[in-house]
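A short write-up of the structure that comes next.
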Amino acid sequence: MPLSEQEQRLLEEMERNLYQNDADFVATVSGRRGKPNYTQIALGALLAIGGVGALVAGVITQLAVIGIVGFALMLAGVLIVITPGKGSATAEPAARPGAAPRSGGKPRRSGSFMDTINERWERRQDGDR
């Protein structure tokens, strides 16, 4: 079932507001990353493998300290692999294709996005009666 023109406009406006107001979320969701840092990946993988070895050694020797250290090494290795490096993420949010850059126009309101949507809904409901 296709959206009506009013619903399409509302959806586009919501997308624009999301891109403008929550750039960090958009950058995270878009999945755009730069080149992977292979040194960081290799170091993290080696730490994780060393952690597995230490964990197994801790179980074999029945020393909890060695197992705990092994688990910490595994966790650190995985975190190093999955966290983006300093140069891999873009500092500026990605511009949406077809979106006009924000220049001039209406000043930003101090209310939240949901407050704005609620106000518009109430205006529509009042106008339809």
Side-chain angles (χ1 to χ4, degrees):
M1 181 163 118
L3 297 175
S4 68
E5 290 181 25
Q6 181 183 5
E7 291 169 333
Q8 287 177 349
R9 278 181 292 182
L10 180 61
L11 181 61
E12 288 171 1
E13 187 172 338
M14 289 170 66
E15 287 176 349
R16 278 193 307 273
N17 285 333
L18 176 65
Y19 279 95
Q20 290 172 357
N21 297 336
D22 206 354
D24 293 335
F25 173 74
V26 171
T28 302
V29 171
S30 68
R32 288 190 43 181
R33 292 186 175 191
K35 291 193 275 183
N37 186 349
Y38 294 113
T39 306
Q40 184 177 359
I41 292 172
L43 176 66
L46 288 175
L47 268 176
I49 291 169
V52 169
L55 184 64
V56 170
V59 170
I60 290 172
T61 61
Q62 296 181 354
L63 291 173
V65 173
I66 295 175
I68 292 171
V69 169
F71 180 77
L73 285 174
M74 283 187 336
L75 183 63
V78 169
L79 288 175
I80 288 174
V81 169
I82 64 172
T83 54
K86 291 178 184 175
S88 65
T90 57
E92 290 293 319
R96 186 171 56 108
R102 182 176 173 92
S103 59
K106 293 190 277 183
R108 278 198 165 158
R109 298 181 197 178
S110 60
S112 72
F113 174 70
M114 289 306 296
D115 291 338
T116 306
I117 295 297
N118 286 333
E119 288 173 12
R120 288 182 184 160
W121 176 256
E122 290 170 3
R123 278 186 278 159
R124 269 191 220 114
Q125 295 301 316
D126 292 338
D128 289 342
R129 289 184 190 176

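- Residues satisfying the side-chain contact (heavy atoms from CB on, under 4.5 Å) test with Leu10, not counting sequence neighbours, are Met14, Ile117, Arg124.
- Qualifying side-chain contact (heavy atoms from CB on, under 4.5 Å) partners for Ser4, counting only residues two or more places apart in sequence or in other chains: Gln6, Glu7.
- Taking Leu55 as the reference, Met74 meet the side-chain contact (heavy atoms from CB on, under 4.5 Å) condition, with sequence neighbours excluded.
- Here the CG-CH2 distance, from Asp126 to Trp121, works out to 11.5 Å after rounding to the nearest 0.5 Å.
- The only member of Leu47, Leu75, Ile41 that meets side chain to side chain contact (heavy atoms under 4.5 Å, CB included) when paired with Ile80 is Leu47.
- Across all non-hydrogen atoms, the minimal contact from Gly70 to Ala54 is CA-CB, 3.5 Å.
- Remark: Leu46 engages no residue in a side-chain contact (heavy atoms from CB on, under 4.5 Å) (not counting sequence neighbours).
- If you chain together hydrophobic residues whose side chains sit under 4.5 Å apart, Phe71 and Val52 fall into the same group.
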